[in-house]
Visitor: 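Below you'll find the structure I mean.
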Amino acid sequence: MTTTLLRTAGELHARARAGRRAVVMTMGALHEGHATLIRTARGLAGPDGEVVVTVFVNPLQFGAGEDLDRYPRTLDADIELAGQSGADVVFAPSVDEVYPGGEPEVRITAGPMGERLEGSSRPGHFDGMLTVVAKLLHLTRPDLALYGQKDAQQLALIRRMVRDLNFGVEIVGVPTVREEDGLALSSRNRYLSAAERRTALALSGALFAGQDRHAAQEALRARAREVPATRARAEALSAIGESRAAADTHAVATAVPGGPAAVRAAARQVLDEAARLDPPLALDYLALVDPSDFTEVGDDFTGDAVLAVAARVGATRLIDNIPLTFGSFGAAS
């Protein structure tokens with residue numbers, strides 16, 4: 001389809017609107033993860049609606065020593081991918097269009113949630129992110145806006161901002177897209193050498209190890225609930241050990257009910273091993289958090305959680321996460 005490039009909010013506001021407008025916000029260097037967001041937006045907007053993809057490298061999100069200058073700018077390729085994925089408009093404003101008169105004196109503050117995990121590692125990052133998201137929501141005036149779940153803390157903060165500040169927009173989270181080897185798609189993956197990429201696979205490997213441990217614990221507890229507390233119970237639990245889900249039966253059976261400690265331990269083992277690789281993985285954080293406020297969950301936690309990791313390989317910093325549900329006696333979501 002034909003995709004129109006617009007540079008100013010005035011041009012965007014002048015467009016006739018019929019159905020719903022769906023916005024996908026990006027910093028460019030689009031890849032299949034962005035394409036999935038755009039295709040999802042196309043489906044939600046419908047044939048009569050409009051899909052707008054923003055391309056803006058936000059200087060407020062980059063701290064001292066981060067990669068603002070080397071962040072890839074590939075607008076022509078971005079327009080092509082956006083059009084192939086179903087976008088009607090690529091809105092690529094200048095810094096002056098978004099921040100007339102220079103950096104804003106008044107900004108959105110992320111609050112306590114914005115000081116944890118990514119916020120602790122990158123002070124001020126989430127204030128800058130929320131400020132530009134708020135401005136782009138005003139500039140594009142969408143009915144719904146879509147964001148990837150790979151940036152789980154970002155998504156949670158945007159949802160909180162929209163709720164707390166009464167933005168009239170629906171926020172939609174879209175599941176993480178991964179490459180065949182499990183690495184979460186990111187514009188920063190292009191910075192990795194072949195050796196660095198092999199090390200970087202430890203991020204998703206750690207998450208999958210935690211997920212497998214979680215599934216094993218939930219399966220064992222579900223089975224245990226069905227078997228009376230007799231000798232037959234022990235025999236039944238031993239039989240479960242034949243399945244892949246109970247590969248580490250002893251550790252699972254002795255874990256604190258709910259299993260967050262065992263999930264963390266399984267993930268950390270993979271990361272510890274990656275720290276000894278060449279090149280090594282330098283862990284920033286591994287956290288199992290409540291998605292409502294991104295605080296660490298306790299060992300007796302039940303409900304939805306996010307297992308999140310951030311690490312640096314060479315000069316490239318990567319993040320990843322997966323959702324888990326504790327106490328459901330089922331597999332992770």
Side-chain angles (χ1 to χ4, degrees), residues 23 25 37 40 44 61 107-134 137 142 144-177 184 203-204 206-208 210-211 213-215 217-218 221 255-268 284-310 319-333:
V23 165
M25 296 184 187
L37 286 167
T40 303
L44 293 173
Q61 288 176 237
R107 308 186 185 195
I108 302 292
T109 299
M113 194 196 312
E115 297 172 357
R116 299 172 187 135
L117 299 190
E118 285 298 290
S120 177
S121 299
R122 306 174 67 189
H125 167 74
F126 284 126
D127 292 355
M129 179 276 293
L130 290 178
T131 298
V132 79
V133 167
L137 287 175
L144 62 157
L146 293 83
Y147 303 89
Q149 291 178 358
K150 183 179 80 71
D151 297 298
Q153 193 172 3
Q154 170 179 283
L155 175 59
L157 282 163
I158 291 171
R159 282 178 164 151
R160 189 61 185 250
M161 178 185 73
V162 165
R163 183 179 68 194
D164 287 355
L165 301 184
N166 300 104
F167 281 68
V169 61
E170 177 186 354
I171 302 300
V172 178
V174 178
T176 300
V177 178
L203 275 80
S204 56
L207 297 179
F208 297 152
Q211 184 179 54
R213 177 64 59 84
H214 171 269
Q217 291 178 148
E218 294 295 298
R221 276 191 289 275
V256 175
V263 168
R264 290 188 186 96
R268 183 167 290 278
D284 189 343
Y285 62 75
L286 171 69
L288 185 59
V289 298
D290 184 333
S292 68
D293 59 8
F294 272 70
T295 57
E296 287 279 353
V297 303
D299 288 339
D300 59 350
F301 179 82
T302 59
D304 293 334
V306 173
L307 181 62
V309 62
I319 63 172
D320 201 351
N321 71 84
I322 54 171
L324 300 172
T325 301
F326 290 89
S328 65
F329 300 106
S333 56

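All values reported here derive from a predicted model rather than from experimental measurement. Any value given below was found using the heavy atoms of this structure, including those in side chains, with hydrogens, waters and symmetry copies removed.
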Visitor: Does the side chain of Val309 reach to within under 4.5 Å of the side chain of Ile319, using non-hydrogen atoms?
Guide: no

Visitor: If the condition is side chain to side chain contact (heavy atoms under 4.5 Å, CB included), which residues does Glu115 pass it with, not counting sequence neighbours?
Guide: none

Visitor: If you take all heavy atoms of Ala308 and Asn321, which pair is closest and at what distance?
Guide: CA-CB, 3.9 Å

Visitor: Distance only, no hydrogens: is a donor on one side chain within 3.5 Å (strictly under) of an acceptor on the other, for Asp304 and Thr325?
Guide: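 Asp304 vs Thr325: donor-acceptor pair found between side chains.
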
Visitor: Distance alone, cut at 3.5 Å: any donor-acceptor contact between the side chains of Ser204 and Asp320?
Guide: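 No, no side-chain donor-acceptor pair sits under 3.5 Å.
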
Visitor: For the residue pair Val289 and Leu117, establish whether any side-chain heavy-atom pair is separated by less than 4.5 Å.
Guide: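 Yes - at least one pair of side-chain heavy atoms lies under 4.5 Å apart.
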
Visitor: I'd like to check Met113 versus Phe126 (side-chain heavy atoms, cut-off strictly below 4.5 Å). Are they in contact?
Guide: no

Visitor: Compare all side-chain heavy atoms of Arg122 with those of Asp284 and state whether any distance is below 4.5 angstrom.
Guide: no

Visitor: What are the two closest heavy atoms between Thr302 and Gly327, and how far apart are they?
Guide: CG2-CA, 4.4 Å

Visitor: Measure the CG-CZ distance between Leu324 and Arg213 for me, rounded to the nearest 0.5 Å.
Guide: 13.0 Å

Visitor: What I'd like to find out is whether the side chain of Tyr147 reaches to under 4.5 Å of the side chain of Val172, using heavy atoms alone.
Guide: no

Visitor: Going through the checks in order, is the side chain to side chain contact (heavy atoms under 4.5 Å, CB included) test met by Arg116 and Thr295?
Guide: CA-CA 8 Å; Arg116 299 172 187 135; Thr295 57; 3.5 Å; yes

Visitor: Sequence neighbours left out, what passes side chain to side chain contact (heavy atoms under 4.5 Å, CB included) with Ala206? Give chain and number order.
Guide: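 Residues passing side chain to side chain contact (heavy atoms under 4.5 Å, CB included) with Ala206: Ala267, Val270, Leu271.
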
Visitor: For the residue pair Pro260 and Asp299, what are the closest heavy atoms and their distance?
Guide: CD-O, 3.5 Å

Visitor: In this structure, which one of Leu130, Val169, Leu137 forms a side chain to side chain contact (heavy atoms under 4.5 Å, CB included) with Ile158?
Guide: Leu130

Visitor: As an exercise, state the distance from CG of Leu207 to CD1 of Ile322, rounded to the nearest 0.5 Å.
Guide: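 Nearest 0.5 Å value for the CG-CD1 distance: 5.0 Å.
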
Visitor: Nearest 0.5 Å please: distance from the CD atom of Gln149 over to the CD atom of Gln154.
Guide: 12.0 Å

Visitor: So Leu146 and Val23, do their side chains get closer than 4.5 Å, heavy atoms only?
Guide: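 Heavy-atom side-chain distance check fails, nothing below 4.5 Å.
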
Visitor: With no hydrogens and no angle check, is any side-chain donor or acceptor of Glu296 less than 3.5 Å from a backbone partner on Leu288?
Guide: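 A pair under 3.5 Å: yes.
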
Visitor: Considering non-hydrogen atoms only, spot the tightest contact between Val297 and Ala305 and give its length.
Guide: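 Reported closest heavy-atom pair: CG1-CB, 4.5 Å.
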
Visitor: Going by salt bridge (charged side-chain N to carboxylate O under 4.0 Å, His left out), name the pairs with one or both residues in residues 149-162, residues two or more places apart or in two chains.
Guide: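 Qualifying pairs, neighbours excluded: Arg160-Asp164.
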
Visitor: Answer whether the closest heavy-atom distance between the side chains of Phe326 and Val263 falls below 4.5 Å.
Guide: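 SC-SC contact between Phe326 and Val263 confirmed.
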
Visitor: Could you tell me which non-hydrogen atom of Gln217 sits nearest to which non-hydrogen atom of Ala262, and how far apart they are?
Guide: OE1-CB, 2.9 Å

Visitor: Is Val133 close to Met25 at the side-chain level, that is, under 4.5 Å between some pair of heavy atoms?
Guide: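 In short, these two side chains touch, coming nearer than 4.5 Å.
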
Visitor: What's the shortest heavy-atom distance between Ala156 and Phe294, and which atoms?
Guide: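 Nearest heavy atoms, Ala156 then Phe294: CB-CE1, 3.7 Å.
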
Visitor: For the atom pair CD (Gln153) and CG (Asp293), what is the distance rounded to the nearest 0.5 Å?
Guide: 10.5 Å

